[in-house]
Enquirer: 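Let me give you the structure first, and then I'll get to my questions.
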Amino acid sequence: MVKEKFYVTTPIYYPNDIPHIGHAYTTVIADVVARWNKLLGKDVYFLTGTDDHGKKIADTAEAAGKSPMEFVDDLIPKFKDAWSKMGIEYDRFIRTTDKDHEKNVQSMLQKSYDNGDIYLGEYEGLYCIGCEQYYTEKDLEDGCCPIHKKPVEKVKEETYFFRLSKYQDKLLELYEKNLEFISPPRRRQEIINRVKEGLRDLSISRTSFDWGVKLPFDKKHVCYVWFDALFNYVSGVDDKSRWPADIHLIGKDIIWFHTVYWPAFLMSVGEELPKKVFAHGWWTFDNEKISKSVGKVINIDELVAITGNKDSARYFLCRATPFGDDGDFSESALVDRHNGELLNKLGNLVSRTTGLIEKYGVEKCESGLVVNFDSINSLMQNLEIDKALNEIFAFIDLCNEYIQEKKPWATQDKKVLYELADAIKNIAILLYPFIPSTSEKIADKFGGFKFTKEGLNLPFDVNIEIKKGEGLFVRIEQEEPEAISQKSGIKKKDKKVNKEKKAEGVMTLGEVTFEDFAKLDLRVAEIKEVEEIEDADKLYKISLDVGENIGARTVCAGIKKYYSKEDLIGRKIVYFANLKPRKMKGVVSEGMLFAASTEDDSQVSLINPGEIANGSQVS
RNA sequence: AGCGAGGUGGAGCAGUCUGGAGUGCUCGUCGGACUCAUAAUCCGGAGGUCGCGUGGUUCAAAUCCCGCCCUCGCUACCA
C-alpha cells in the first residue's frame, strides 16, 4: 500500500544571529504538524534550513573578519543545536549554499528566462555611498541617510527583473480558486487588495556584491534574495514526487513573498503550487516587542532553562495562544503552564494511577473512558493547535474526575485502574507530537507502546509490569517579583506558614526527613569580589571561592541595602551550593547565601561560619 | 500617516466569522470533599451592565452595521 505523502516546511532562517523564540515557534509547530501526520500513518517530509546568501551576511561576515562561508558555517551548528534541544526531528536541514540547491536555482532561473519572464533593466534607487546600500524614500531623514546623515544619491544599476506584473490576474485567480492557499482566511483579503492595486516587476539580481547564486545567463550578476531563497522548498525534497508542499508555515511578516512572489515564480517555471501557506502571529515578551536592541530576545537555551524541560517550552508555544494570532511570552506564563497543566493535571494523573496499579494491579475490561480522536484530528487539520491541546487536556480532566468519583484507592477496583491505564496510553499517544519525550517517559512506565493512530484502539496489555518511577515534571518554584533576592525562599515559606497557622492554629514549617535535608550541599565559602548589577537596587553579583573541589561560583544576593562592598569582600559565609541556578537581572546565580532576617527585613545578617577552610561541609 | 490586531468577572484568555438566556478555560479568592497522587485532585460559592455611544439592524447582539475612545504591532527580508 502506498502511504499518503505529507510535506511541511519552515522558512529558511537568516543566519546572521543565533536562533531565538521566533525561529523556535515556527519550527516547533512544523515539528508538531509533521509528527501528527506521522501518527496518522503518512509518509512525512519536514524541511527546515537557513538562507546563507545576501548582502547583509556578506557585510556582517566582513565586519567579523571572516569570509561569508566561514561566518555562516560557524552559525549553522547553533541552529542545529537549538533544534535538537527543542526535540525537533527534521528530515533535511537545507542551506542555500548547498550545491544541489544552487544548481536548482540556476536551472529555474534559466527556465524563467527562456520563458521571457526575466529581462535586463535598470534599477534606480536612492543610494548612500557610506552604507553602500539603497534606501527607500521613507527610510530617509530629511532626504539624508539615517546613519551617515548625508544626502543620498540617485543611482542607476543594471539588474534583471522578474515580470511579476504579468501574473497579477493568475494570482487573483489562484486566491479565488484555492481558498486555503492564504491561511488563516482573514489574511486573504489583505493580500488580494494589495495585488489588485497592481504589481511591479521585481529586481532579482545585483552586481554590487557576489555572495549569491550566479545567474546562468549572465555571470556578472548574482541572484538577489527571494528567487534564491524560496526555491529551497523545491530543492530540499529527497524525491521530486514530494512536491508540491502541503503546507508552508511562515510568520506573518513574510506572507507577501510566499503568497505573491512564490506562486508567480512557480507559474513561470511550470511547477505545481504549494497547497497552503499558513502565516502565524508574533510573540511579544512581557507585552513588549521582541527586539535585539532592547535585549528582549529570548534564545533557545534560556527558553529551555526556565523549566529545564523542552517539552514545557513546546507545550507553551502550542498552547498559549491561538495559532495564527499574536501571543505574549513571559517566564511566569510558561511556569504556570508547566506547573498547572503539565505537572498538576497530566503528571499527577500518571503519578496517582501508576502508584495505585503498583499496589493493586489491573484487570482487562471494556473502557468507558473514550477520547474523541476525530474531533481532535479535525482541529489539527485546520491547524487549530491550541484547541486540539485543549481537547486532550479536557480528557485528562475527565480522567482525574473519574478517579475522584470511583475511588480506586478504597475499592481496589482493578477494572477502573485498567480503564485509567488505557486512557493514559491514549493520552500519551495523542500528546506525542506536542511533547514527545514526555510521551516516551509515559510509555516507559507502561512497558512501551507505539505512537500511532491505530495504537489508540489497541487494548492495553495487562501482562506488562507498570512502574510508578519518577515524576514526569519537576515543580518550578516561582519567585515573588519583589523578592528576587536569595531570601525569596524564606519569604515564600513565611506565606505558607501563615496559611497553615490560620488553618491549624500552630506555627510550623512542617517536618522534613533527614534524607531531604541531606540533599542540600552546604559549604563554607569566601567572598572574593562584589559587583553592582545594572538596574538592580537590591542585588549584588558576588564571586565566591568554595574551596578546591567546587572552585569559583557566582551568586546574586539581595543584600545591597545591608552591606557595603567593603563589608563583604573577604567575609566567610554559608553557601547553598546545589540550588538550581537561576537568572536574575541577566546574571546567572548559582546558589545562595544564608542570612538571618527579621520579619520586616529591617535587619539582615549573614551567617558567619568562622575561620573554617573554604569548601568545608556545613551540616 | 497608512495598514493590521485587540479592549469579556481581580489577572490572563477562549467564545465573535456562522446572532439565540454572560457560556467556558487557566490563575487568584472563599468554603467543602478526598487522602491514591510531586501541598497534587475533585465539588461548590463570590465576583462581569462583554471599551464607550443606554447609537443602528433584529423577536433576539459579546457576536452584524455605524461613530468615538484607548492599547499594541507592522510599513519590506528580525517569526
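Just so you know, these numbers use all the heavy atoms, side chains as well, and skip hydrogens, waters and symmetry mates. On a predicted model such as this, the values are computed, not experimentally measured, just so you know. Lettering follows sequence order; numbering is per chain, from 1.
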Enquirer: What integer distance in Å separates A/Y261:OH from B/C77:P?
Expert: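 Those two atoms, OH and P, are 11 Å apart.
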
Enquirer: Have A/T97 and A/E102 got a donor and an acceptor in their side chains that come within less than 3.5 Å?
Expert: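 Checked: A/T97/A/E102 side chains show no N/O donor-acceptor pair below 3.5 Å.
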
Enquirer: Can you check whether A/Y315 and A/F393 have ring centres sitting under 6.0 Å from each other?
Expert: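 Here the rings of A/F393 and A/Y315 have centres that are less than 6.0 Å from each other.
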
Enquirer: Using the side chain to side chain contact (heavy atoms under 4.5 Å, CB included) criterion, which residues pair with A/F257? Sequence neighbours excluded.
Expert: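 By the side chain to side chain contact (heavy atoms under 4.5 Å, CB included) rule, A/F257 matches A/W226, A/I254, A/Y261.
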
Enquirer: If you write RNA chain B from 5' to 3' in dot-bracket form, with Watson-Crick or G-U pairs under 3.5 Å, [ ] for crossing pairs and | for pairs with another strand, what do you get?
Expert: ((((((((.[[[[[)....(..]]]]].(((((.......))))).....[[[.[[..)....]]]]])))))))....

Enquirer: Does atom CD of A/Q381 have more than 12 heavy-atom neighbours from other groups under 6.0 Å away?
Expert: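 Count over threshold, so yes.
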
Enquirer: Starting the side chain at C-beta, find the nucleotide from B/U38, B/A79, B/U26 nearest to A/W283.
Expert: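 The closest nucleotide is B/A79.
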
Enquirer: Can you measure A/K407 atom NZ to B/A33 atom P for me and round it to whole angstrom units?
Expert: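 After rounding, the reported distance stands at 12 Å.
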
Enquirer: Would you measure the distance from the P atom in B/G24 across to the matching atom in B/C68 and give it in whole Å?
Expert: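 One P to the other, the span is 36 Å.
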
Enquirer: Could you check which of B/A79, B/C36, B/C77 has an atom nearest any side-chain atom of A/K359?
Expert: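 Output: B/C36.
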
Enquirer: Within the structure shown, what part of the strands sits under 4.0 Å from A/Y25 by heavy-atom distance: base, sugar-phosphate, or nothing?
Expert: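 Nothing: the residue A/Y25, judged by heavy atoms under 4.0 Å, touches no strand.
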
Enquirer: Establish, yes or no, whether a centroid distance under 6.0 Å links the rings of A/F181 and A/W262.
Expert: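 No - the distance between ring centres of A/F181 and A/W262 does not fall below the 6.0 Å cut-off.
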
Enquirer: Which of these nucleotides, B/U35, B/A14, B/U26, is closest to any side-chain atom of A/P322?
Expert: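 For the A/P322 side chain, the nearest candidate turns out to be B/A14.
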
Enquirer: Using atom P in both nucleotides, what's the gap between B/G15 and B/G56 to the nearest angstrom?
Expert: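 One P to the other, the span is 29 Å.
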
Enquirer: Measure from the side chain of A/E401, starting at C-beta and using heavy atoms only, and say which of B/A14, B/C77, B/C43 lies closest.
Expert: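 For A/E401, the side-chain atoms sit closest to B/C43.
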
Enquirer: B/A76 P sits how many Å from A/R200 CZ, rounded?
Expert: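 Atom-to-atom, A/R200 to B/A76, this comes out as 12 Å.
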
Enquirer: Restricting to non-hydrogen atoms, name the atom on A/L317 and the atom on A/Y25 that form the minimum distance, rounded to 0.1 Å.
Expert: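 The answer is O-CE1, 3.3 Å.
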
Enquirer: May I have the distance from A/Q404 (atom CD) to B/C36 (atom C1'), rounded to whole angstrom?
Expert: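 Rounded to whole Å, this separation is 9 Å.
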
Enquirer: Name the residue closer to the 5' end of RNA chain B, choosing between A/I403 and A/D325 according to the nucleotide with the nearest heavy atom.
Expert: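 Upstream on the strand: A/D325.
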
Enquirer: Taking 4.0 Å as the cut-off, does a side-chain nitrogen or oxygen of A/R352 come that near to OP1 or OP2 on B/A40?
Expert: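 False: A/R352 side-chain N/O out of range (4.0 Å or more) of B/A40 OP1/OP2.
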
Enquirer: Would you mind telling me which of B/G15, B/C36, B/C78 lies closest to the side-chain atoms of A/W409?
Expert: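 Nearest nucleotide to the side chain: B/C36.
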
Enquirer: A/K252 side chain N/O closer than 4.0 Å to the phosphate oxygens (OP1, OP2) of B/A5?
Expert: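 For B/A5, OP1/OP2 do not have a side-chain N/O of A/K252 under 4.0 Å.
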
Enquirer: Rounded off to whole Å, could you give me the CG-to-C1' distance for the A/L346 and B/U41 pair?
Expert: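 Taking atom C1' of B/U41 as the reference, CG of A/L346 is at 14 Å.
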
Enquirer: Answer yes or no: does a side-chain N or O of A/K345 lie under 4.0 Å from OP1 or OP2 of B/C27?
Expert: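 For A/K345, the contact criterion (side-chain N or O under 4.0 Å from OP1 or OP2 of B/C27) is not met.
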
Enquirer: Under 4.0 Å between any heavy atoms, over every strand shown, what does A/F393 touch: base, sugar-phosphate, or nothing? Just pick one.
Expert: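 The residue A/F393 makes no contact with any strand.
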
Enquirer: At 4.0 Å (heavy atoms only), tell me whether A/P408 reaches a base, stays on the sugar-phosphate, or touches nothing.
Expert: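 Nothing: the residue A/P408, judged by heavy atoms under 4.0 Å, touches no strand.
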
Enquirer: Rounded to the nearest Å, what distance is computed from the CD1 atom of residue A/I191 to the C1' atom of nucleotide B/G4?
Expert: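 Checked: the CD1 to C1' distance equals 12 Å.
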
Enquirer: Take atom CG of A/D336 and atom C1' of B/G28, then tell me their distance rounded to the nearest Å.
Expert: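 One finds 10 Å between C1' of B/G28 and CG of A/D336, rounded.
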
Enquirer: Does A/H23 place a side-chain N or O at less than 4.0 Å from the phosphate oxygens OP1/OP2 of B/A79?
Expert: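 For B/A79, OP1 or OP2 has a side-chain N or O of A/H23 closer than 4.0 Å.
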
Enquirer: Does the ring centre of A/H258 sit less than 6.0 Å away from the ring centre of A/Y233?
Expert: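 Yes.
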
Enquirer: CG of A/L334 to CZ of A/R319: how many Å apart, nearest 0.5 Å?
Expert: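 A/L334 CG to A/R319 CZ: 13.5 Å, rounded to 0.5 Å.
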
Enquirer: Looking at every strand, decide which applies to A/G355 at a 4.0 Å heavy-atom threshold: base, sugar-phosphate, or nothing.
Expert: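 Nothing: the residue A/G355, judged by heavy atoms under 4.0 Å, touches no strand.
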
Enquirer: Which is true for A/L472 with a 4.0 Å heavy-atom rule: it touches a base, it touches only sugar-phosphate, or it touches nothing?
Expert: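 The residue A/L472 makes base contact.
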
Enquirer: Who are the side chain to side chain contact (heavy atoms under 4.5 Å, CB included) partners of A/N348, not counting sequence neighbours?
Expert: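 With sequence neighbours excluded, A/N348 shows a side chain to side chain contact (heavy atoms under 4.5 Å, CB included) to A/R352, given in chain and number order.
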
Enquirer: Of the listed nucleotides (B/A79, B/A76, B/U41), which one gets closest to any side-chain atom of A/N348?
Expert: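 Nearest listed nucleotide: B/U41.
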
Enquirer: With P as the reference atom in both, quote the distance from B/A11 to B/C52 in angstrom, rounded to an integer.
Expert: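 Going atom to atom, P in each nucleotide, I get 15 Å.
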
Enquirer: Please state how far atom CG in A/N400 lies from atom C1' in B/U38, giving the value in whole angstrom units.
Expert: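 Roughly 13 Å, once rounded to whole Å.
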
